[in-house]
Structures are given as C-alpha cells and as structure tokens.
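Right, one structure below, let's go through it.
Note that ligands are numbered from 1 as they come in the structure, with each ligand's atoms numbered from 1 the same way. Just so we're clear, the structure is a prediction, and the values are computed from it rather than from any experiment.
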Amino acid sequence: MITPSEVEKIRAEFPMLSTKVHGHPLVYLDNAATTHKPRAVIERIRQFESEQYATVRRGSYTLGEEATEMFEGVRKKVQVFIGAKDHREIIFTSGATQSINLVANSFGRTFIGAGDEIVISHMEHHANLVPWQLLCLEKGCVLKVIPVSDSGELEMEAFKKLLGPKTKLVAVTHSSNVLGTINPVKEIARLAHAAGAKVLVDGAQSVPHTKIDVQDIDCDFLAFSSHKMYGPSGVGVLYGKYAVLETMPPYVAGGDMINSVTIERTTFAKPPGRFEAGTPPISQVIGLGAAVDFLTGIGMERIFEYEKSLLEYGTKVLSGIEGLRIIGTAPHKAAIISFWLEAAHPHDVITIIDREGIAVRGGHHCAQPVMARFGVPATTRASLSFYNKPEEIDLLAGALKKVIQVFG
Ligand code: C6P
C-alpha cells in the first residue's frame, strides 16, 4: 500500500500540484477528466524534443532511425503494460475517442450490416455510444442497451437475454466515468464470445487505475487515452487482437499506411501501420512511454489499493453530509464519487468551491443517458488519483458544507 510519506514524495514529482488557485493550494480532484504530468514525462518530452527529435518510420538518417527505435520501443512498453501478446496489436491513435471511432468505421462498417445488433450499456460515455448510433443510421443495424441497477451495476441477467445470433459486437466501458462502477468485463467477454460477438472494452477510466491484462479479459479491442494516465494529451491507444486487426480495412488513408501505391491502386501495410496514416504524434508517444514507466515504477496493484482506500474514506466523509446523494454505489468501484446536492446545482457548486482552489467537475460528464437513468441533469464529480490525500477530501467536504449554508 502506498504510504502517506510516499504520497508526499509522489506529489513532489508533479509541478502542477504545487500551484495555487485563487490564492489557495490546488486541490485537484478531476482526474477522470485528465491527470497532471510527473516531471519524468515532462522531462522526457523536453529531452526528446531538444536533443533527439526527428520524424519516425520515414528517414534513413541516424536521428530518424534512433527516433523510430524509441517510438517503437513505446509500443512494446504499452504491450507489456496491458498484457498484449504482440506489439503489433498496439495502434497509436489520438485518444480513446478516436480508437473507438476506428473500430466503428473499420470493423463496424465491414462486418456489421442491416439487422445486426450491437450491445452497449446505459452507462457509456458518448464516445462509446454516438459512433455506434452513426453506424446504425448508416447500416441499419440495431443498438441494444444493458440496463443499469439503482446501485449502478450492469444487470447481467438482462445482458444475457440481449445476446443472440444477431449480436456482432458488445462494446462496454470497463469503468464508468460517472458511477465509478467497475464492470465484469471478463465475464462479459466470455458471454459475448459464446454468442459469436466481438468485444470492445472502453478502458479510458480503468487503464490508469488498475492492472490490465487483455489476454486474461480476452477482449478483442481495448481503447484508452494517454492524458488520463499521466501522459501527454493528443495520443491514445487502440489494442486489437492481431487476427481481428488483420481482417479490418484502413479507416484513415494517407502516408505510411501503404505497401505500394500506383495511380490505379494501393495495397495496404499490415497492422498496426495500416491504421496509423500520417505523421504520428511522435513526442506524445515518447511521453506516453515515460508515463507507462512512471506507473509501472509505482505498481498498478498498489495504485489500485491506495485509490480504493481513498474511495472508502471519501465515500464515508461525503455520505455524512446532509442533502448529499451519492450516485453510483456499486460494491466494486473505481475512485470516482459523483453526487447530487439538494442545495445547489453542480455548476454553482463547482464555481463556489473553485474559489477555494478545489477542482472538481460538474455537468453530465459526456454521459447523458446515465444522468437520465438516475433522474438528474448533472452531477458534481470528485475523481481521485494516487497523488490525492485524505486531507483533500476533508477540504472538499468543508467547502461543500459552506455551499449548503449559502444556498440552504
Ligand atoms: N471522459 C471525463 O471527464 P478522450 O476524450 O478521447 O480522451 O476520452 C473519451 C472517454 C471515453 N470513455 C470514457 C469512459 C471516458 O471517461 C472518456 C473521457 C472525460 O469523464 C472527458 S468527457
């Protein structure tokens, strides 16, 4: 377990955490939106850009070859980090959103047709909902939705009934960005595969917080973003089983995704190159590699345990506040606490507590269907990281009590 003194040492690695907002030390509790960057990531990008920078997979000169080696080295780091079998299963994208759109536009438009069914859940982020709606509009396929219980868990019996011979894909989030619920994706993959469907897991909220093993989960695809895992923005990953990726056509076309091009005809590169058209986000990938090293250095199991203890503390403290209703009370949760205050709308809450340097998110969190499911237009959300301390939760609770006093 990460100790309090270790947390202080970790915090010292994040320059943003010693900044002030409105004269108060920053209390950053919006880690589900994006995370701050440790010096190791900032410094690695600085070093790469000032001493090693060159384009990748194009030049034959020394700098280009060395940059390519570092870039491809990150692919291998990510492979190990998520337990993939082969580094060619790692595709660099611009983020989780683009990763899911890649699957919808390549796999979806090729293998899902009129009358076929895609199963998602009622707790999906719009990034794992709207691409499938667009596909259904274009192809005439049908979206089926796994219901969510009052505690915020997937109703697995209902899920089983949704599966059938027409199910081509099950696309679910590993961990909800609103409810925090950690879904049983291994069991979901087993059931989906038994029905002959492929499985996409949205790992945007799980990869930064728990040990992931894609071979154990047995998902066909996993999507996630670097900026939520202490790496730079502008880069993300799509993992795909190689045998599945090989069957998929390109989504974006251009340089570097081809084998040969004539005016008449193009043959395409094998994955992952086939899906990485254009100059990739070179420095960002290098920074992602440093983020993976940083997380591995702390240990994902330890991160999960510490964040779990913070969640338990936060849940206890916040649920003691009168007029505060926590939305998402599943027993198996990531460190996300969404709540509704009777006294004030989330937008007022965040504006007021921001004056005390506390950063939490208020809104629908790009997950409007789950808001509707719980009968609220928005929530206030505190999302925690291994660099947060119980004292910061106390500060949040104190600020919320003041909001209640003002509005009550
Ligand atoms: N959720 C939040 O504050 P991008 O924007 O591509 O990096 O990630 C999209 C995404 C996909 N799935 C889930 C479960 C997510 O939580 C997110 C991003 C942020 O909750 C921004 S809306």
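- Under the rule for a side-chain contact (heavy atoms from CB on, under 4.5 Å), the partners of Ala195 that lie at least two apart in sequence or sit in another chain are Leu163.
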Tyr306/Asn388 under side-chain hydrogen bond (donor to acceptor under 3.5 Å, both in side chains): CA gap, chis, key distance, verdict
CA-CA 10 Å; Tyr306 178 74; Asn388 289 125; over 6 Å; no

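- When ring centroids are compared, Phe107 and Tyr251 stay outside the 6.0 Å threshold.
- Listed by chain and number, residues touching ligand 1 at under 4.0 Å (heavy atoms only) are Ala32, Ala33, Ala96, Thr97, His125, Ala127, Thr173, Asn177, Asp202, Ala204, Gln205, Ser225, His227, Lys228, Arg361, Cys366, Arg381.
- The salt bridge (Lys or Arg N to Asp or Glu O under 4.0 Å) contacts involving residues 247-257 comprise Arg57-Asp256, Arg58-Asp256, where partners must be two or more places apart or lie in separate chains.
- Lys139 has no carboxylate O lying under 4.0 Å from a charged side-chain N of Asp116, or vice versa, which leaves the two without a salt bridge.
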Please table the atom pairs, donor to acceptor, closer than 3.5 Å between any side-chain atom in residues 127-135 and protein atoms at least two apart or in another chain.
from, atom 1, to, atom 2, distance (Å)
Asn128, OD1, Trp132, NE1, 2.8
Asn128, ND2, Glu124, OE1, 2.9
Asn128, ND2, Ala171, O, 3.2

